[in-house]
Amino acid sequence: MADDLSAVGRFLYEAGTLKHTRRTGWWMAGVRDPESVAEHAWRASLIASLIAKLEGADPAKAAYLAVWHDTQETRTGDVNHLGKKYAPAGDPQAVTADQTAGMPEALATAIRDLVAEYEAKESPEAVCARDADKLECMLQGIEYKAQGYENAQRWIDNSRARLVTGTGRRLADELLGQGPLDRLRTALGETKP
């Protein structure tokens, strides 16, 4: 039945598990309590909207793609790069098809199309969303490094090197020139030491 929302309800409960699913790569950097997949996706979505606006793409669509980019991890977990060497993560489009099975077809198709667009890496919005994913990882690495996790430098460098858009690269350079507390100093009207 097209009005049956039971599958949607189940998915919403499933999506909530991303609030508790840790980004496992950070454990290799020694981070004891890394961010969750949901925390990562939230900031990546904000970043995607900013990059897209400055790149002349649709900021809402880029943010929308970034919101959905890791939803498959409710079923696969966050498989880091080393883990993928031994047990490749599930195909995002196949996982999404399973996740949306039983949903009203218009909704299921919309979600599947979003994930397919992100994975295809072709639309300007998908490129911006993918850059946002990398930039968020870099930014998180900067924050972890400031907390004393020196091994985060590898994630900072790798994420910076994978940026594609001019805006993403310029923003990365700006972030690398700032410290995590510079925003607080600016808000308080303090000068940088």
Side-chain angles (χ1 to χ4, degrees), residues 7-51 62-101 111-112 114-115 118-119 121 126 128-163 168 171-172 175-176 178-181 183-184:
V8 176
R10 288 189 300 274
F11 176 78
L12 293 176
Y13 278 115
E14 182 177 328
T17 66
L18 293 177
K19 295 192 297 184
H20 310 287
T21 303
R22 297 290 162 207
R23 299 213 348 124
T24 63
W26 293 119
W27 285 325
M28 287 185 234
V31 177
R32 298 192 73 166
D33 186 25
E35 67 176 336
S36 71
V37 173
E39 290 167 320
H40 162 72
W42 174 78
R43 186 158 63 175
S45 298
L46 289 177
I47 295 169
S49 68
L50 299 174
I51 291 173
Y64 196 31
L65 290 165
V67 164
W68 288 90
H69 86 279
D70 280 339
T71 55
Q72 306 79 25
E73 292 181 12
T74 62
R75 301 210 174 171
T76 65
D78 177 50
V79 181
N80 59 58
H81 289 288
L82 179 60
K84 289 177 184 176
K85 178 179 176 182
Y86 303 100
D91 172 59
Q93 290 173 276
V95 175
T96 301
D98 285 346
Q99 288 175 313
T100 59
I111 294 168
R112 291 172 190 157
L114 277 171
V115 171
Y118 181 84
E119 294 301 323
K121 308 173 195 174
C128 292
R130 293 184 82 81
D131 256 19
D133 178 42
K134 304 304 177 253
L135 193 60
E136 199 289 324
C137 185
M138 188 196 91
L139 182 54
Q140 187 64 62
I142 293 169
E143 291 169 340
Y144 284 147
K145 188 173 177 189
Q147 294 170 19
Y149 297 105
E150 291 299 320
N151 292 333
Q153 187 64 50
R154 178 182 176 93
W155 281 258
I156 295 168
D157 295 340
N158 287 341
S159 297
R160 171 61 178 91
R162 296 170 70 194
L163 295 170
L171 189 51
L175 291 167
L176 288 165
Q178 294 182 17
L181 291 181
R183 55 145 180 106
L184 182 59

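This one's a predicted model, so the numbers in the text were calculated from it and none came from an experiment. Only heavy atoms go into these numbers, but all of them, side chains included; no hydrogens, no water, no symmetry mates.
- Under the 4.5 Å side-chain criterion, counting only non-hydrogen atoms from C-beta, M28 is not in contact with R154.
- Nearest heavy-atom pair across G90 and T76 is N-CG2, 3.9 Å.
- Residues I142 and L176 are in side-chain contact: their nearest non-hydrogen atoms beyond the backbone lie under 4.5 Å apart.
- Atom SG of C128 sits about 12.0 Å away from atom CD1 of I47, to the nearest 0.5 Å.
- Ionic pairing of R22 and E73 is not present here: no N-O contact between side-chain nitrogen and carboxylate oxygen is shorter than 4.0 angstrom.
- Between T100 and I111, the shortest heavy-atom distance links the atoms CG2-CG2, 3.7 Å.
- A donor-acceptor pair under 3.5 Å is absent between the side-chain atoms of H40 and the main chain of V37, judged by distance alone.
- With a 4.5 Å cut-off on side-chain heavy atoms, W155 and V31 do not count as touching.
- Closest non-hydrogen pair, P34 versus Y144, comes out as CA-OH, 3.2 Å.
- Using a cut-off of 4.0 Å between Lys/Arg side-chain N and Asp/Glu carboxylate O, R75 and E14 are scored as salt-bridged.
- Rounding to the nearest 0.5 Å gives a distance of 8.0 Å between CH2 of W68 and CD of Q99.
- At least one side-chain heavy atom of R23 sits less than 4.5 Å from a side-chain heavy atom of C137.
- Residue K134 holds its NZ atom at 11.0 Å from CG of N158, rounded to the nearest 0.5 Å.
- Between the NZ atom in K145 and the CE atom in M138 there is a gap of 11.5 Å [rounded to 0.5 Å].
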Item checked: Criterion side chain to side chain contact (heavy atoms under 4.5 Å, CB included) on L171 and D131, from CA distance to verdict -> CA-CA 11 Å; L171 189 51; D131 256 19; over 6 Å; no

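- Scanning both residues, G141 and W26, for their nearest heavy atoms gives CA-CH2, 3.4 Å.
- Put simply, the side chain of R112 never gets that close to the backbone of Q93: no donor and acceptor are under 3.5 Å apart.
- If you run side-chain hydrogen bond (donor to acceptor under 3.5 Å, both in side chains) between Q72 and each of D98, T96, D91, only T96 comes through.
- Remark: side-chain polar atoms of S45 are paired, donor with acceptor, to backbone N or O of V67 under 3.5 angstrom.
- In this structure, the side chains of E35 and E143 stay at 4.5 Å or more apart for every pair of heavy atoms.
- When all heavy atoms of V79 and G83 are compared, the closest pair comes out as CG1-C, 3.8 Å.
- Annotation for K84: atom NZ counts as buried by contact number, over 12 foreign heavy atoms lying within 6.0 Å.
- Closest non-hydrogen pair, R32 versus W27, comes out as O-NE1, 3.7 Å.
- Listed by chain and number, the residues in a side chain to side chain donor-acceptor pair (under 3.5 Å) with N80 are T24 (sequence neighbours excluded).
- Taking CD1 of I51 as the reference point, atom CG of L163 lies at 7.0 Å (rounded to 0.5 Å).
- The distance from atom CG of L50 to atom CG of L46, rounded to the nearest 0.5 Å, is 7.0 Å.
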